[in-house]
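Counting begins at 1 with the first residue of the sequence.
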Amino acid sequence: MPAEDEGNPSTESFCTAVQNPDRMVRQRALKTFEESFIHDTASDAECSRIFDETYLHILRCYGDRFESVRILAVSAMDALLGKLPTNDYYLDCIVPVLAKRIGQAETIEDSEELRLQLLEQLEALVAKYSDPDGSHGDPLLKVFDSVVDILVKTLRDPYPAAQKKSCEIVMALAVATPSLHYRAEVLVAPTKAILGHRHSANRIAAIETLGVLSLHILSNGDRVSEIIMAVSPLLMDDVPFVRRACGRVGCLMLEKLRDRYSFFHRILPLVLNCLCDETAEVREDIERGWKRAGVLYYNENETELSKTALIEKLPIGYPVERYVRPTIACRAIVQRSLRVVNLVLHEMEEWKESIRLHATKLLKQIVLHAERAFSTLFVEVNPVLAKACMDAERSIILEALNVCELMGILLDYETWSTHVLNTFRKYPTIGQLRCMRTLFASCVHTEAKCTDVRKFAALLLDPDVCHNYQDASYQRELLEFCRILATIGQGRDKLTAGLEEITVTESNDGEHQTLERTLYTVTLKVVAFCQNVEERAGVHDFGMEVLQQLDSNVERLHQHHLASVLGSIGHLDSENSDASTSILLLCGIVTVCGFQETYFTVLKETLQKALTHAAPEGKVKIFSAISVAMLSWNVHIHQPKEEQITMLSTFTETLIAPHLVWSAGRSAESIRTMATACLASMAQGVHSDVYMSLLPNYLNVLSGLIDDNCISTRAYTLRALVLLQALDFESLKLIAFPIMARLDDPSGEVRELAAVCLGRLKLDVGSPESTDQPSIIERWQDILRQILSVMFLHLEHPETKLRSAIFDSLKRLYIDNRPLISRLADEVPSGCSYKKDLEAITAQNV
């Protein structure tokens with residue numbers, strides 16, 4: 001051993017120092033090792049000499065009980081290795097020590113930072129002795145098992161940085177030696193465990209490592225499939241770079257994996273899912289890799305693909321602004337790998353929303369690439385796609401509709417039309433409806449499509465389809481389909497031009513009606529079911545827009561087609577409740593369309609039939625609809641007064657009057673109330689002359705209803721009388737006293753209405769030649785005296801509204817009966833409490 005020269009310590013003194021019991025001495029020796037022995041060393045021989053003389057002592061320090069000494073020892077060895085030549089002898093010396101420190105089943109090195117430092121040393125060794133093609137004898141092969149044992153342990157290291165470094169060493173090892181395939185499978189399981197790590201950098205490193213390992217697994221296809229299945233869930237990772245790593249691994253496998261053709265159907269999800277990623281950087285990066293894989297496939301199959309390129313035709317649906325057609329090679333890869341569709345369909349029915357969403361996106365990419373080759377799978381895909389179209393998650397529905405849109409563009413109309421029609425007849429769900437609507441709307445306008453417009457319209461006319469009122473979304477889809485059919489029909493023949501009008505039969509076959517009538521019927525029924533349902537106001541408004549699309553004059557549509565719709569309502573001769581489809585439909589139609597002369601008779605007969613057989617709650621529902629429709633009588637009916645009187649009198653006599661008569665029971669009371677509401681609506685919606693021509697016929701029954709037990713009935717009865725005109729004495733006598741009695745009613749509304757009605761009482765004095773006129777006036781004066789007495793008595797009531805109504809009625813009575821009230825004012829004794837009020841009203845109206 002050479003002695004110290006020129007003040008520099010000898011290796012002997014260094015070895016002595018690193019064995020000193022004093023930690024400080026050992027630390028000092030290791031700190032000065034690089035400066036003392038390596039800094040000025042130039043020749044390989046000198047470095048080898050220093051290694052031979054010191055390595056045992058330095059490596060012994062790897063196990064020192066002090067962490068600071070161990071760290072300095074590793075640093076000293078790193079400095080020495082940097083100067084040593086690439087002789088595999090040094091590997092045999094160092095790697096076993098590393099394996100002992102960090103490659104054992106139990107954790108020997110408890111310092112996380114030191115374990116990372118040892119891994120960095122191992123990484124440096126792998127890089128230093130790299131021999132990718134084995135031309136230098138593959139020096140790493142001698143210590144290969146030890147290196148792999150180390151990595152199997154450190155890939156599971158709890159220290160994230162050590163895990164990540166282990167992945168980097170595996171990838172470096174794949175480049176440095178051609179022997180990785182010997183034990184590549186052993187590294188798969190510990191690397192897979194990192195995929196769930198909370199650090200995205202570790203997940204990315206693990207994905208890239210598994211991709212590299214898959215290229216070195218020679219004969220175990222199951223292990224490759226295991227890798228792909230382990231990586232696939234990270235396509236749904238929240239971090240875009242993790243998703244990009246999955247796509248890059250897929251592109252790597254498509255280009256370099258042995259027997260990759262056999263794995264195309266498994267690799268494709270990794271790539272295609274990234275092509276529709278929400279992050280542009282991910283999409284663009286993977287698209288470049290996907291095109292490279294396509295170029296490689298084209299070069300390998302140039303003869304076949306070049307012939308295909310010569311004879312293939314651009315799908316009729318192209319060009320589409322939303323979609324860019326993939327290259328012929330990329331399309332060919334997908335078209336030969338359509339087995340993946342079975343996996344996609346399975347995942348589209350998973351319970352996790354994220355899995356269903358990504359599977360649906362993947363299906364869209366498959367359809368985009370497969371084009372017409374997808375036709376053979378349509379029957380299998382349609383039911384699953386229909387289920388996705390009614391998913392609880394809105395984003396899944398939108399993606400499923402995008403798939404339907406693509407199929408409509410790319411597949412021939414004849415491929416799916418018959419199947420969709422037959423399927424929807426059997427299963428008229430909202431999912432099938434959305435699929436059918438989107439397919440039909442997106443496909444190219446061919447002669448076959450235009451011819452089948454009536455078939456689709458007739459399908460919507462089926463009661464099982466258009467009588468579904470449980471789901472507002474379903475009804476909106478129906479209207480949207482009607483809008484599309486109307487647009488296509490208008491473009492072809494303006495709906496009715498050149499088409500013979502055919503009367504609706506009992507079977508209600510939509511294919512033998514005009515398209516306008518069919519679509520009108522479907523739309524009207526949907527609107528009718530949504531009438532008076534606040535949460536479906538949007539559906540109702542949309543339905544009215546569709547009707548206006550059929551004809552800008554909706555009233556004209558009702559005139560032409562409503563009688564047909566009324567005739568198609570079935571089961572009205574059954575004991576229907578208010579929840580019955582037939583009752584709901586009929587009431588909705590009455591409310592929406594009101595009364596018009598063209599269909600008045602048919603509507604009256606239909607209502608009569610329904611009222612005859614309906615259950616009590618069904619009758620209440622019908623009368624409620626009639627009362628609403630009566631409010632718009634003047635809007636729709638423009639016939640002469642005599643015709644209106646005839647129409648209204650027959651309607652009232654037939655439908656309303658029989659239910660005004662008192663009968664016992666709560667159900668009868670409810671029916672009576674709503675029948676009275678119809679008369680109240682007439683008072684507001686029908687012209688006063690027409691209404692007053694009808695009213696005297698029912699004063700007898702109304703006088704009894706004023707005293708009805710039900711508050712609502714009393715209120716509706718008084719509302720029916722608030723617009724009274726002059727009546728004969730007997731009629732006035734009949735209703736005056738019941739109305740006066742209502743000023744003491746428990747209900748404030750009834751009291752106020754009674755006060756208003758009293759002000760409307762006016763005697764029709766008849767012709768001046770009447771011999772009984774003086775006596776009638778005197779008798780009316782007696783009644784008027786009692787009316788005034790009662791009204792003045794209640795003028796002191798605490799309710800402001802009641803006092804105001806009484807005072808207004810008093811003024812009206814004075815105007816209509818000026819001579820009589822003036823005479824009564826004179827007759828009232830001066831001490832009477834209401835003498836001053838009467839004189840004030842008289843003076844105010846002079």
Does the side chain to side chain contact (heavy atoms under 4.5 Å, CB included) test come out yes or no for Leu81 and Gln121, once each step is laid out? CA-CA 9 Å; Leu81 286 173; Gln121 189 172 89; 4.1 Å; yes
Pair Asp157-Gln163, side-chain hydrogen bond (donor to acceptor under 3.5 Å, both in side chains): steps then yes or no: CA-CA 6 Å; Asp157 196 296; Gln163 280 189 357; over 6 Å; no
Worked verdict on Lys153 versus Gln104 for side chain to side chain contact (heavy atoms under 4.5 Å, CB included): CA-CA 7 Å; Lys153 170 65 175 177; Gln104 300 295 317; over 6 Å; no
Evaluation steps, side chain to side chain contact (heavy atoms under 4.5 Å, CB included), between Tyr129 and His136: CA-CA 9 Å; Tyr129 293 94; His136 296 88; over 6 Å; no
Report the C-alpha separation of Ile227 and Ile217 in whole Å, then their side-chain angles, then the decisive distance to 0.1 Å, and conclude whether the side chain to side chain contact (heavy atoms under 4.5 Å, CB included) test is met. CA-CA 11 Å; Ile227 291 174; Ile217 296 174; 3.8 Å; yes
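Counted within 6.0 Å of NZ on Lys164, heavy atoms from surrounding residues, nucleotides or ligands total 12 or fewer; the atom is thus considered open. Around the CZ atom of Arg60, the shell of radius 6.0 Å holds more than 12 heavy atoms that belong to other residues, nucleotides or ligands. Heavy-atom contacts from other residues, nucleotides or ligands closer than 6.0 Å to CG of Asp238 number 12 or fewer.
Summarising the geometry of Pro139 relative to Leu91, their closest heavy-atom pair is O-CD1, 3.8 Å, with the distance given to 0.1 Å. The minimum heavy-atom distance linking Ile286 with Cys274 is given by the pair CG1-CB, 3.6 Å. Scanning both residues, Lys128 and Thr86, for their nearest heavy atoms gives O-CG2, 3.6 Å. The two residues Ala29 and Val18 come nearest to each other via the heavy atoms CB-CG1, 3.9 Å. Smallest separation of non-hydrogen atoms from Leu140 and Ala176: CD1-CB, 3.7 Å.
Although no hydrogens or angles enter the test, the distance criterion places no donor-acceptor pair under 3.5 Å between the side chain of Asp237 and the main chain of Val242. In this structure, the side chain of Lys100 does not engage the main chain of Val95 through any donor-acceptor pair within 3.5 Å. The backbone N or O of Ala127 sits nowhere less than 3.5 Å from a side-chain atom of Ser130 that would complete a donor-acceptor pair. Side-chain atoms of Ser111 come within 3.5 Å of backbone atoms of Leu114 as a donor-acceptor pair (strictly under, hydrogens ignored). Between the Gln19 side chain and the Cys15 main chain, a donor and an acceptor come within less than 3.5 Å of each other. Using modelled atom types, one side-chain atom of Thr308 and one backbone atom of Glu304 make a donor-acceptor pair closer than 3.5 Å. Remark: side-chain polar atoms of Arg283 are not paired, donor with acceptor, to backbone N or O of Leu275 under 3.5 angstrom. At least one donor-acceptor pair under 3.5 Å links the side chain of Ser10 to the backbone N or O of Ser13. Judged by distance alone, the side chain of Asp88 and the main-chain N or O of Asp92 form no donor-acceptor pair under 3.5 Å.
Partners of Ser179 under the side chain to side chain contact (heavy atoms under 4.5 Å, CB included) rule, at least two apart in sequence or in another chain, are Asp138, Leu141, Thr177, Tyr182. In this structure, the salt bridge (charged side-chain N to carboxylate O under 4.0 Å, His left out) partners of Arg322, at least two apart in sequence or on a different chain, are Glu405. By the side chain to side chain contact (heavy atoms under 4.5 Å, CB included) test, Leu343 pairs with Glu347, sequence neighbours left out.
Atom-to-atom distance recorded for Leu118:CG and Lys165:NZ is 12.5 Å, nearest 0.5 angstrom. One distance of note links CD1 of Ile169 with CG of Leu151; it measures 5.5 Å at 0.5 Å rounding. Note that CG of Leu98 is 9.0 Å distant from CE of Met77, once rounded to the nearest 0.5 Å. To the nearest 0.5 angstrom, Ile58 atom CD1 is 11.0 Å from Glu53 atom CD. The structure places CG of Leu235 at 11.5 Å from OG of Ser354, a figure rounded to the nearest 0.5 Å. Rounding to the nearest 0.5 angstrom, the gap separating the CG atom in Asp22 from the CE atom in Met24 is 7.5 Å.
With a 4.5 Å cut-off on side-chain heavy atoms, Leu410 and Arg372 do not count as touching. At least one side-chain heavy atom of Val340 sits less than 4.5 Å from a side-chain heavy atom of Pro269. With contacts defined as side-chain heavy-atom distances shorter than 4.5 Å, the pair Arg28/Lys31 does not qualify. Looking at Glu380 and Asn342, their side chains come closer than 4.5 Å, going by heavy atoms from C-beta outward. Contact of the Glu393 side chain with the Leu357 side chain is not registered, since no non-hydrogen atoms from C-beta on lie closer than 4.5 Å. Using a 4.5 Å heavy-atom cutoff, the side chains of Tyr298 and Thr327 are not in contact. Residues Tyr90 and Tyr55 fail the side-chain proximity criterion, which asks for heavy atoms closer than 4.5 Å. Glu112 has its side chain out of reach of Leu116: every pair of non-hydrogen atoms, C-beta onward, lies at least 4.5 Å apart.
Annotation: cation-pi geometry not satisfied between Arg101 and Tyr62 (NZ/CZ under 6.0 angstrom from ring centroid, within 45° of ring axis).
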Show me the donor-acceptor pairs within less than 3.5 Å that the side chains of residues 248-262 make with the rest of the protein, sequence neighbours left out.
| unit_1 | atom_1 | unit_2 | atom_2 | d |
| --- | --- | --- | --- | --- |
| Arg248 | NE | Asp285 | OD1 | 3.2 |
| Arg248 | NH2 | Asp285 | OD2 | 2.9 |
| Arg258 | NH1 | Leu215 | O | 2.5 |
| Asp259 | OD1 | Ser262 | OG | 2.9 |
| Asp259 | OD2 | Ser262 | OG | 3.1 |
| Arg260 | NE | Leu254 | O | 3.0 |
| Arg260 | NH2 | Glu300 | OE1 | 3.1 |
| Arg260 | NH2 | Glu300 | OE2 | 2.2 |
| Tyr261 | OH | Glu300 | OE1 | 2.5 |
| Tyr261 | OH | Asn301 | ND2 | 3.0 |

Could you tabulate the donor-acceptor pairs under 3.5 Å formed by side-chain atoms of residues 359-368, not counting sequence neighbours?
| unit_1 | atom_1 | unit_2 | atom_2 | d |
| --- | --- | --- | --- | --- |
| Thr360 | OG1 | Arg356 | O | 2.7 |
| Lys364 | NZ | Glu399 | OE1 | 3.4 |

Tell me which donor-acceptor pairs under 3.5 Å the side chains of residues 189-198 have, and how far apart each pair is, sequence neighbours excluded?
| unit_1 | atom_1 | unit_2 | atom_2 | d |
| --- | --- | --- | --- | --- |
| Thr191 | OG1 | Leu187 | O | 2.6 |
| Lys192 | NZ | Glu226 | OE2 | 2.5 |
| His197 | ND1 | His199 | N | 3.0 |

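His369 and Gln335 share no side-chain donor-acceptor pair at under 3.5 Å. Donor-acceptor pairing under 3.5 Å is recorded for the side chains of Ser75 and Gln117.
The pair Asp277-Arg243 meets the salt-bridge criterion, with a side-chain N (NZ, NE, NH1 or NH2) lying under 4.0 Å from an Asp/Glu carboxylate O. Using a 4.0 Å cut-off between charged side-chain N and carboxylate O, Arg70 and Glu109 make a salt bridge. We find that Arg325 and Glu371 are joined by a salt bridge, their nearest charged nitrogen and carboxylate oxygen being less than 4.0 Å apart.
Taking the six-membered ring where tryptophan is involved, the planes of Phe14 and Phe33 are tilted, since the angle between them lies from 30° to 60°.
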